[in-house]
Amino acid sequence: MAAIVIASRNEHKVEEIRKLLTGLAVEVLSLKEFPNAPEVEEDGDTFQANALRKARVISRFTGLAALADDSGLEVDCLRGKPGVRSARFAGEHASDAENNKKLLAYLAGVPREHRTAQFRSVIALVSPKGAERLVEGVCRGVIIEEERGSGGFGYDPLFLVPHLGKTFAELSMEEKNKISHRGRALQQVVPIIREWLEQGLL
Ligand code: IMP
């Protein structure tokens, strides 16, 4: 069976992606199966550059198709911050709690109507035969004043989806996948993988 490697060490993400790709005739592997895979610096200026670099390196290393996601939170009144620096907002090895604390400090005193934000996910797909594709998904929301919910990861407890009245951390994985930035980007991945399977590019 054809295979695709998810170029991520974040088990939450791998699990989310695996769920969305079930039903396709491809074996979904992760970097767990490739412990010696190189670390890829995410120091590009854009989600696109980071995702493409990761997917290219992992495809070359494994000889298989690779899928890499680069994602982050863009807060409107912070002119898109933390953006590509979302994981390292509070420092190089910052924890989710530290990043969330810093975000709340930046937004202290900002009223609800100005706390709008979006999660953005860019996914790069690289085939061992040289084909490359980029897709993107966005989910809009509001940064609330204190954490709510215990699911998910990262900024999830602070990200309220207004039409659901719930934060990402209060949604089940299935509910989150339906509307999330990564879910929306991944929905576009499924037809590309089908196309590549038909064309023998995997
Ligand atoms: P990367 O895409 O692995 O570089 O990480 C991006 C960072 O953005 C994560 O470490 C989180 O801080 C944040 N992030 C990306 N997607 C999500 C999400 O679905 N929920 C919460 N935080 C996220």
Side-chain angles (χ1 to χ4, degrees), residues 6-17 30-31 37-58 66-112 114-126 132 134-149 151-161 167-169 171 176-177 179-186 188-189:
I6 312 300
S8 175
R9 294 184 202 279
N10 177 332
E11 279 309 306
H12 275 284
K13 270 195 196 173
V14 172
E15 203 36 48
E16 283 185 13
I17 294 170
S30 82
L31 289 183
E39 280 294 333
V40 185
E41 275 296 315
E42 293 188 19
D43 54 4
D45 290 339
T46 62
F47 295 126
Q48 281 83 355
N50 284 335
L52 204 49
R53 165 142 19 105
K54 263 189 284 185
R56 282 176 180 158
V57 169
I58 297 305
L67 180 160
D69 139 285
D70 196 38
S71 52
L73 178 69
E74 299 174 321
V75 179
D76 297 336
C77 70
L78 302 179
R79 281 175 285 127
K81 273 190 185 150
V84 284
R85 296 196 47 84
S86 290
R88 296 158 283 152
F89 190 38
E92 210 41 52
H93 301 288
S95 65
D96 289 344
E98 288 164 343
N99 286 331
N100 286 342
K101 197 172 158 206
K102 179 163 178 182
L103 180 61
L104 286 180
Y106 267 47
L107 295 181
V110 177
R112 262 298 159 100
H114 292 131
R115 300 172 75 99
T116 49
Q118 63 187 21
F119 274 119
R120 183 195 297 273
S121 163
V122 172
I123 291 178
L125 282 165
V126 171
E132 294 187 344
L134 279 168
V135 293
E136 178 176 307
V138 161
C139 180
R140 300 272 315 158
V142 171
I143 305 303
I144 55 172
E145 292 77 9
E146 56 185 39
E147 298 191 13
R148 261 172 49 187
F153 68 99
Y155 300 94
D156 279 352
L158 291 177
F159 187 81
L160 181 82
V161 185
T167 68
F168 264 6
L171 300 178
K176 181 180 167 186
N177 277 344
I179 58 159
S180 78
H181 48 311
R182 203 165 10 263
R184 287 180 172 148
L186 274 166
Q188 303 168 64
V189 162

Practice task
Look up atom CZ in Phe159 and atom OG in Ser180, then write down how far apart they are to the nearest 0.5 Å.
Solution key: 9.5 Å
Problem - Spacing of CD belonging to Glu11 relative to CG belonging to Leu31, to within rounding of 0.5 Å - result: 9.0 Å
Exercise for the section: Would you name the heavy atoms of Ala37 and Ile58 that are closest together and state the gap between them? Expected result: CB-CD1, 4.1 Å
Handout entry: Counterpart residues, side-chain contact (heavy atoms from CB on, under 4.5 Å), relative to Ala124 (two or more places apart)
Key = Ala51, Leu52, Ala55, Leu134
Exercise for the section: For residues Leu160 and Arg148, determine if any side-chain heavy atom of one lies less than 4.5 Å from a side-chain heavy atom of the other. Expected result: yes
Handout entry: Non-hydrogen atoms of Pro38 and Arg9 that approach each other most closely
Key = O-NH2, 4.0 Å
Fill in the blank from the handout: On a heavy-atom basis, the closest approach of Val135 and Ala185 is CG2-O, 3.5 Å
Exercise for the section: Specify the closest pair of heavy atoms between Leu158 and Glu146, including all atoms of both residues, with the distance to one decimal. Expected result: CD2-C, 3.8 Å
Handout entry: Glu92: side-chain contact (heavy atoms from CB on, under 4.5 Å) partners, not counting sequence neighbours
Key = Arg88
Handout entry: Within 6.0 angstrom of Lys13 NZ, more than 12 heavy atoms from elsewhere
Key = yes
Handout entry: N/O donor-acceptor pair under 3.5 Å between Asp70 side chain and Ala49 backbone
Key = no
Problem - By side-chain contact (heavy atoms from CB on, under 4.5 Å) - contacts of Lys102 (at least two apart) - result: Phe89, Ala90, Tyr106
Completion exercise
Between Ser8 and Val14, the two heavy atoms sitting closest are O-CG2, 3.7 Å
Mind listing the side-chain donor-acceptor pairs of residues 72-84 below 3.5 Å, one per line with the distance, residues two or more places apart or on another chain?
| residue | atom | partner | partner atom | Å |
| --- | --- | --- | --- | --- |
| Glu74 | OE1 | Gln118 | NE2 | 2.9 |
| Glu74 | OE1 | Arg120 | NE | 3.1 |
| Glu74 | OE1 | Arg120 | NH2 | 3.1 |
| Glu74 | OE2 | Arg120 | NE | 3.1 |
| Asp76 | OD1 | Arg140 | NH1 | 3.4 |
| Asp76 | OD2 | Thr116 | OG1 | 2.7 |
| Asp76 | OD2 | Arg140 | NH2 | 2.7 |

Handout entry: Test item: Gln188 side-chain N/O and Glu136 main-chain N/O as donor-acceptor pair under 3.5 Å
Key = yes
Exercise for the section: Look at the side chain of Asp156 and the backbone N and O of Thr167, then say whether any donor-acceptor pair between them is shorter than 3.5 Å. Expected result: no
Handout entry: Minimal non-hydrogen separation, Leu67 against Leu186, with atom names
Key = CD1-CD2, 4.1 Å
Fill in the blank from the handout: Hits for side-chain contact (heavy atoms from CB on, under 4.5 Å) against Glu145, two or more places apart or cross-chain, chain-then-number order -> Arg112, Arg115
Practice task
Examine distances only and state if a side-chain atom of Asn50 and a backbone atom of Gly44 form a donor-acceptor pair shorter than 3.5 Å.
Solution key: yes
Problem - Interatomic spacing from CD1 in Ile17 to CG in Asn177 - rounded to 0.5 Å - result: 9.5 Å
Handout entry: Qualifying salt bridge (charged side-chain N to carboxylate O under 4.0 Å, His left out) pairs with a residue from residues 41-52, counting only residues at least two apart or across chains
Key = Glu42-Lys54, Asp43-Arg53
Problem - side-chain contact (heavy atoms from CB on, under 4.5 Å) evaluation trace for Phe168 with Ile179 - result: CA-CA 10 Å; Phe168 264 6; Ile179 58 159; 4.0 Å; yes
Practice task
Using a 4.5 Å cut-off on heavy atoms from C-beta on, say whether the side chain of Val138 contacts that of Phe119.
Solution key: no
